[in-house]
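Lettering follows sequence order; numbering is per chain, from 1.
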Number of protein chains: 2
Amino acid sequence: MVVVESVEPEAADSGQSLAERLFVTLRGEIVDGSIPAGSKISEPELARRFNASRGSLREAVMRLESLGLLERRVNVGARVVDLSERGLLELYDVREALEGMACRLAATEHRGEDLLELRRMLAHHEQQEALQAGTAYYQPEGDFDFHFRIVQASNNDLLIDTLCNRLYYRVRMYRYQLGMFSPRAKSAFREHSNIIDAIEAGDGELAEILMRRHIRASRLNIEKKLTTER
Amino acid sequence: MVVVESVEPEAADSGQSLAERLFVTLRGEIVDGSIPAGSKISEPELARRFNASRGSLREAVMRLESLGLLERRVNVGARVVDLSERGLLELYDVREALEGMACRLAATEHRGEDLLELRRMLAHHEQQEALQAGTAYYQPEGDFDFHFRIVQASNNDLLIDTLCNRLYYRVRMYRYQLGMFSPRAKSAFREHSNIIDAIEAGDGELAEILMRRHIRASRLNIEKKLTTER
DNA sequence: GCCTCACAGATTGTCGACAATCTTGTTGTG
DNA sequence: CACAACAAGATTGTCGACAATCTGTGAGGC
């Protein structure tokens, strides 16, 4: 069954052009698994589905490719990347490096509004933790917001773009589809708190070290899970 | 005067499709400044120049955008990014983080062939240094090759892609057009040598520290130049 | 029985044309 | 004289069609 649907309006205002709306919509479906990892992308089929021309859809596909969510081979077509254990671990190493640097920069940039925002967010998370008694309080998006904000506070546009507009979509993809949100609720919360303290104190070196440990701990946690599961 | 030229054959074999050849050609011209930084990209004009359709050229333009070499605004068009002091310094911070991690990983991966290659390259550079008596021996590409190889040795595909297929084109753009190759010939050479030693010894922590210092030293050198120049 | 080759079908790459939008120069008004 | 509205020109976004290429199926030969 083929249902013709127009691009979601929520995605609509985020971009003026049809191609960009298609891009946003498809990106969402790839991230949450509606379009399964490893599956083939058929340009004609998707064009019909969204009632758009193949050209516009092609533009969206190419943007997805440069995001690293699709792999394209000439004269063959595009496939959604598949999720591998190796890919997930690689992602952690890159994040450790970049988010560590983001913390260092955020500490020296030291912009008041960002810090305030981080504190508010953490307080909000703490409330939720109290409510849900630490079982798995960290709804993935909460943790996500924290890291997102830290990066924004770095005030390095290249770093922000690399993490927020590229790598984080891949992170979300792994989280949604492999469900690897850590049950390290309490410790993660304390680590977040310590990181903010360091940033607030202007201690870039410490902030970087703490963030790197934080991410590495997540990575080790995942590694452990992966090895016990088999 | 408008000269119709076909895409360079050297770029031709690197990609099968016309759009990809256009992409490679344009990327080269943007990096070396043949297409000046900050200038506007006219799709019809370039399409005529390469005797291609606007569609194919558009695809190339979009790839350049996602490389960060062009900025596009809807219904307005694309411009080559302009080179700013801030952008250059941002690049150094990101490189410090990523190449530091690359060194750490290269040390633990420890693949024989990569190390051998690095040693050979360094020996080659040493020869050239002896010849040119350290005045500015490091032809930029020599230094470039070194960093490039290190990253390859990390064996982290995401890291390799981010640095070699994205950031390094921006690095080259700054080098070609601002001519900021460091005259830190001798010290840079020794630093490279020490980094390889650490990698060879399997000491990832040390390798990372040394690489980060190496890049930070370059950054400071540039900063000094920039401040004395005005 | 297995491998090679050719053919049909579908998909991708490329092209030119039309509609929507922005930029620029001009005109008119306070 | 400055500023705002308007019109001409060009550029971008979108579309449908044609040609080149790949995938998979089936026939034929060893």
Side-chain angles (χ1 to χ4, degrees), chain A residues 2 4-9 11-27 30 35-36 38-66 69-82, chain B residues 2 4-9 11-27 30 35-36 38-66 69-82:
Chain A
V2 174
V4 175
E5 48 186 323
S6 57
V7 219
E8 283 99 60
D13 45 6
S14 89
Q16 297 290 359
S17 80
L18 169 60
E20 184 148 347
R21 281 173 301 187
L22 288 170
F23 165 67
V24 172
T25 302
L26 287 175
R27 185 180 61 191
I30 290 174
I35 301 178
S39 63
K40 183 158 181 4
I41 295 291
S42 166
E43 292 179 2
E45 181 192 326
L46 284 178
R48 279 194 304 274
R49 181 181 149 200
F50 292 114
N51 213 17
S53 88
R54 233 190 76 216
S56 299
L57 191 121
R58 256 175 88 80
E59 179 170 338
V61 166
M62 285 188 308
R63 293 203 207 182
L64 290 168
E65 181 197 11
S66 68
L69 262 42
L70 297 183
E71 283 172 349
R72 242 175 27 141
R73 287 191 323 184
V74 271
N75 282 318
V76 172
R79 309 188 76 86
V80 181
V81 295
D82 18 332
Chain B
V2 175
V4 175
E5 47 187 322
S6 56
V7 218
E8 281 99 61
D13 44 6
S14 89
Q16 296 290 0
S17 78
L18 169 59
E20 183 148 346
R21 281 173 302 188
L22 288 170
F23 165 66
V24 172
T25 302
L26 286 175
R27 185 180 61 189
I30 290 173
I35 301 178
S39 63
K40 182 159 182 2
I41 294 292
S42 166
E43 291 180 3
E45 181 192 325
L46 284 178
R48 279 195 302 275
R49 180 181 148 200
F50 291 113
N51 213 19
S53 89
R54 233 190 75 213
S56 299
L57 191 122
R58 257 175 88 81
E59 179 170 336
V61 165
M62 285 187 307
R63 293 203 206 182
L64 290 168
E65 181 198 11
S66 68
L69 263 42
L70 298 184
E71 283 171 351
R72 239 174 31 136
R73 289 191 320 185
V74 270
N75 282 318
V76 171
R79 309 189 75 86
V80 181
V81 296
D82 27 341

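- For the pair N75(B) CG and dC22(C) P, the computed distance is 5 Å after rounding to whole Å.
- Nucleic acid contact for L57(A): none, since no nucleic acid atom lies under 4.0 Å from a heavy atom of the residue.
- Residue E43(A) is in sugar-phosphate contact alone, with no base atom involved, counting any heavy-atom pair closer than 4.0 Å across all strands shown.
- Taken from CD in E71(A) to CZ in R79(A), the straight-line distance is 9.5 Å, to the nearest 0.5 Å.
- The span of DNA chain D lying next to chain B, judged by atoms under 4.0 Å from heavy atoms, is bounded 5' to 3' by dT12(D) to dT14(D).
- For the pair F50(B)/L18(B), no side-chain contact is recorded, criterion being any heavy-atom separation below 4.5 Å from C-beta on.
- Residue G55(B) is out of contact with every strand shown, counting any heavy-atom pair closer than 4.0 Å.
- To the nearest 0.5 Å, atom CE of residue M62(A) and atom CD of residue E65(B) are 10.0 Å apart.
- Comparing the end axes of the helix from dG1(C)-dC30(D) to dG30(C)-dC1(D), each fitted to five base pairs by superposing C1' atoms of four pairs onto the next four, gives an inter-axis angle of 20° (nearest 10 degrees).
- Going from atom NZ of K40(B) over to atom C1' of dT24(C) covers 14 Å, rounded to whole Å.
- At a threshold of 4.0 Å, the pair E45(B)-R49(B) does not count as salt-bridged, since none of the basic side-chain nitrogens sits closer than that to a carboxylate oxygen.
- Across E59(A) and A19(A), no two heavy atoms sit closer than the pair CD-CB, 3.5 Å.
- Taken to the nearest 0.5 Å, the OG atom of S53(A) stands 10.5 Å off from the CZ atom of R58(A).
- Two residues are said to be in side-chain contact when any heavy atoms from C-beta on lie closer than 4.5 Å; R27(A) and V24(A) meet this criterion.
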